[in-house]
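Got a structure for you, questions after.
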Amino acid sequence: MRYGDLYRRGEKILSEAGIEEAAVDARLLLEFVTGQERNTLFAHPDLEVSQDNGAKYEEYLAKRAKRVPLQYITRRQSFMGLSFSVNENVLIPRQDTEILVEEVMREPFDGSRILDICSGSGCILLSLLHYSNDSIGVGLEISPKAIEIAEENAALLELKERAIFLESDLLEKAEGKFDIIVANPPYIKTDVIKELMPEVKNHEPVLALDGGEDGLLYYEEILSGIGAFAKGGTRLYFEIGYDQGEAVSRLMKDSGFAEVKVIQDYAGLDRVVCGRFTCLTD
């Protein structure tokens, strides 16, 4: 079958399945299967596609039509200009989370010791290490299957010598003091999860989504023990839900953090809360 015909078939299948960006997803899946670049559809629509690749494309279309996220099919997601491996054991890195990384990078952080809590795919920690000199990091993650993906990403980015990922229930396995602490904990209210898109509620790990009744459970637990791993001037950065800025800011201030501020994303929604640790415990 010809390239253009396959694309049109894919767009029709995904559109009928209610996929909002059917045209984009059909093109991306076809490019993934054939190894072609974006301009192939426009410059070479008559290009013949092998029977094997045509069958694989049909298989992937069927998965996407069942609302399996595109990234779980291709096993790849771009984040901070880097390519990360993902699967159903980790949250898909999102552009909103880049706000947290960019905020850390606003101040010099070369040579820092960085702690990443709830690491998932490792995208936050590994991005920070990639864009810094001589920094090292520890990622804490409760899911051993997620740690496998984080370690795979560390190898892909040639950062295995600078990053270590530990199976840990929040701060359980943390040791020593850190210059920078980052966390993207589960923060969606339990009763809201059922209202999420099918791609999220049916396929992304609930363990990484459910933040308890009020969405603040893990912020409270992290902050209750964070003082043991912070020193004067340690910078803490949390990703938050759009309506959690005030609550998380209050929790941080009550836990010894000053200069606390809320950072908004590109949609104007609260996305990150950050501050400096002021209670010396060294």
Item to complete: Under the side-chain contact (heavy atoms from CB on, under 4.5 Å) rule, collect the residues that match up with L269, sequence neighbours excluded.
Response: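 Y242, D265, A267.
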Discussion item. Tell me which pairs pass ring pair (Phe, Tyr, Trp, His ring centres under 6.0 Å) where either residue lies in residues 106-143, with sequence neighbours left out.
Written reply: none
Worksheet item: Is L217 reachable from F238 through a run of I, L, V, M, F, W or Y residues, each pair having side-chain heavy atoms under 4.5 Å apart?
Response: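 Yes, F238 and L217 fall within the same hydrophobic cluster.
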Practice prompt. Share the residues that join L156 in a hydrophobic cluster, the rule being Ile, Leu, Val, Met, Phe, Trp or Tyr side chains under 4.5 Å apart at the heavy-atom level.
Written response: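 Reading the cluster by chain and number, L156 sits alone, since nothing else belongs.
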Worksheet item: With K261, which residues qualify under salt bridge (Lys or Arg N to Asp or Glu O under 4.0 Å), at least two apart?
Response: E103
Fill in: Partner residues of E58 under the salt bridge (Lys or Arg N to Asp or Glu O under 4.0 Å) criterion, sequence neighbours left out
R9
Worksheet, complete the sentence: Checking L170, I226, I117 against E221 for side-chain contact (heavy atoms from CB on, under 4.5 Å), the one that qualifies is L170
Worksheet item: Residues in side-chain contact (heavy atoms from CB on, under 4.5 Å) with Y3, at least two apart?
Response: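 Y3 satisfies side-chain contact (heavy atoms from CB on, under 4.5 Å) with L30, E31, T34, Q36, T40, L41, L47, V49 once adjacent residues are dropped.
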Item to complete: Any chance you could measure I147, atom CD1, to I142, atom CD1, to the nearest 0.5 Å?
Response: 9.5 Å
Practice prompt. State whether the side chain of T278 and the backbone N or O of F257 hold a donor-acceptor pair below 3.5 Å, judged by distance alone.
Written response: no
Worksheet entry | K56 atom NZ, neighbour heavy-atom count above 12 within 6.0 Å | no
Fill in: Closest non-hydrogen atom pair between A154 and L126, with its separation
N-CD1, 3.6 Å
Practice prompt. Test side-chain contact (heavy atoms from CB on, under 4.5 Å) on I92 and H203 and set out the steps.
Written response: CA-CA 10 Å; I92 298 167; H203 296 283; over 6 Å; no
Worksheet entry | Which atom of F79 lies closest to which atom of P93, heavy atoms considered |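 Result for this residue pair: CD1-CB, 3.7 Å.
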Discussion item. Do F229 and V182 land in one hydrophobic cluster if side-chain heavy atoms of ILVMFWY residues count as linked below 4.5 Å?
Written reply: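 Different clusters.
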Response to the item:
salt bridge (Lys or Arg N to Asp or Glu O under 4.0 Å) filter on K12, not counting sequence neighbours, yields E16
Practice prompt. Take atom CD of E102 as the centre, draw a 6.0 Å sphere, and report whether it contains more than 12 heavy atoms from other residues, nucleotides or ligands.
Written response: yes
Worksheet entry | Shortest non-hydrogen contact from A26 toward Y57 |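 Heavy atoms of A26 and Y57 come nearest at O-OH, 2.9 Å.
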Discussion item. Under the ring pair (Phe, Tyr, Trp, His ring centres under 6.0 Å) definition, can you give me all pairs with a residue in residues 152-189, not counting sequence neighbours?
Written reply: none
Item to complete: Tell me, with the steps shown, if F84 and L157 meet side-chain contact (heavy atoms from CB on, under 4.5 Å).
Response: CA-CA 9 Å; F84 286 87; L157 295 170; 3.7 Å; yes
Fill in: Hydrophobic cluster identity match, I73 and I149, side-chain contacts under 4.5 Å
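In one cluster with I73: I149, yes.
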Worksheet item: Is a donor on one side and an acceptor on the other found under 3.5 Å between the side chain of E98 and the backbone of M80?
Response: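 Yes, E98 side chain to M80 backbone: donor-acceptor pair under 3.5 Å.
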Item to complete: Would you check if I180 and E107 make a side-chain contact, meaning some heavy-atom pair closer than 4.5 Å?
Response: no
Discussion item. Quick one: does any side-chain atom of R2 pair with a main-chain N or O of L6 as donor and acceptor, under 3.5 Å?
Written reply: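 Checking the backbone N and O of L6 against the side chain of R2, no donor-acceptor pair under 3.5 Å is found.
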Discussion item. Applying side chain to side chain donor-acceptor pair (under 3.5 Å), can you list everything that pairs with E204, at least two apart in sequence or on another chain?
Written reply: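 Only R94 meet the side chain to side chain donor-acceptor pair (under 3.5 Å) criterion with E204.
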Worksheet item: Where is the tightest heavy-atom contact between G120 and V90, given as atom of each residue plus distance?
Response: C-CG1, 3.9 Å
Worksheet entry | Inter- and intrachain pairs under side chain to side chain donor-acceptor pair (under 3.5 Å), touching residues 162-172, at least two apart |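 Of all non-adjacent pairs touching residues 162-172, those that pass side chain to side chain donor-acceptor pair (under 3.5 Å) are S132-R162.
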Worksheet item: Between atom OG of S143 and atom CG of N89, what is the distance when rounded to the nearest 0.5 Å?
Response: 5.5 Å
Worksheet item: Looking at CD1 of I181 and CG of L171, how far apart are the two atoms once the value is rounded to the nearest 0.5 Å?
Response: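 I181 CD1 to L171 CG: 7.5 Å, rounded to 0.5 Å.
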Discussion item. For a 4.5 angstrom cut-off between non-hydrogen side-chain atoms, does K173 reach E141?
Written reply: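 Side chain of K173 against side chain of E141, heavy atoms only: no contact under 4.5 Å found.
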Worksheet entry | Any N184 side-chain heavy atom under 4.5 Å of C118 side chain | no
Worksheet item: Is there a donor-acceptor pair under 3.5 Å between the side chain of R113 and the backbone N or O of K177?
Response: yes
Fill in: Inter-residue atom distance D25.CG - L61.CG, 0.5 Å rounding
9.5 Å
Worksheet item: For the atom pair CD1 (I114) and CG (D179), what is the distance rounded to the nearest 0.5 Å?
Response: 8.0 Å
Worksheet entry | Q77/L70 under side-chain contact (heavy atoms from CB on, under 4.5 Å): CA gap, chis, key distance, verdict | CA-CA 9 Å; Q77 171 69 342; L70 179 74; over 6 Å; no
Discussion item. Determine whether a donor-acceptor pair (N or O, by modelled atom type, separation under 3.5 Å) exists between the side chain of Y60 and the backbone of T74.
Written reply: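 Checking the backbone N and O of T74 against the side chain of Y60, no donor-acceptor pair under 3.5 Å is found.
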Item to complete: Treat each ILVMFWY residue as a node, draw an edge where side-chain heavy atoms are under 4.5 Å apart, and state whether I164 and L159 are in one component.
Response: no
Discussion item. Could you check whether any side-chain heavy atom of L128 comes within less than 4.5 Å of a side-chain heavy atom of S135, counting everything from C-beta outward?
Written reply: no
Worksheet item: Is E152 salt-bridged to R75, going by a charged N under 4.0 Å from an acidic O?
Response: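 The answer is yes: the pair qualifies as a salt bridge.
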Worksheet entry | Side-chain heavy atoms of M252 within contact of L223, under 4.5 Å | yes
Practice prompt. Verify, without hydrogens or angle tests, whether D134 (side chain) and D110 (backbone) share a donor-acceptor contact under 3.5 angstrom.
Written response: no
Worksheet item: side chain to side chain donor-acceptor pair (under 3.5 Å): which pairs involve residues 205-216, sequence neighbours left out?
Response: T190-D210
Worksheet item: Is there a path of hydrophobic side-chain contacts, each under 4.5 Å between heavy atoms of I, L, V, M, F, W or Y residues, that connects V24 with Y72?
Response: yes
Discussion item. Around atom CD of E48, are there more than 12 heavy atoms from other residues, nucleotides or ligands closer than 6.0 Å?
Written reply: yes
Worksheet, complete the sentence: NZ (K201) and CG (L196) are apart, to the nearest 0.5 Å, by 7.5 Å
Worksheet item: Quick one: does R235's side chain have a donor or acceptor within less than 3.5 Å of a partner on V104's backbone?
Response: yes
Worksheet item: Does S85 use its side chain to pair, donor to acceptor, with the backbone of N153 at less than 3.5 Å?
Response: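 No, the answer is negative, given that no donor and acceptor are paired below the 3.5 Å cut-off.
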Discussion item. According to side chain to side chain donor-acceptor pair (under 3.5 Å), who are the partners of Y219, at least two apart in sequence or on a separate chain?
Written reply: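 Here no residue qualifies.
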Worksheet item: At their closest point, which heavy atom of V273 faces which heavy atom of S249, and how far apart are they?
Response: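 Scanning both residues, the minimum pair turns out to be CG1-OG, 3.7 Å.
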Item to complete: Test I263 against R271 for side-chain contact (heavy atoms from CB on, under 4.5 Å), laying out the working first.
Response: CA-CA 6 Å; I263 311 300; R271 183 58 55 191; 6.0 Å; no
Worksheet item: Closest heavy-atom contact between D116 and S119?
Response: OD2-OG, 2.9 Å
Worksheet item: Are any non-hydrogen side-chain atoms of L209 and L91 less than 4.5 angstrom apart?
Response: yes
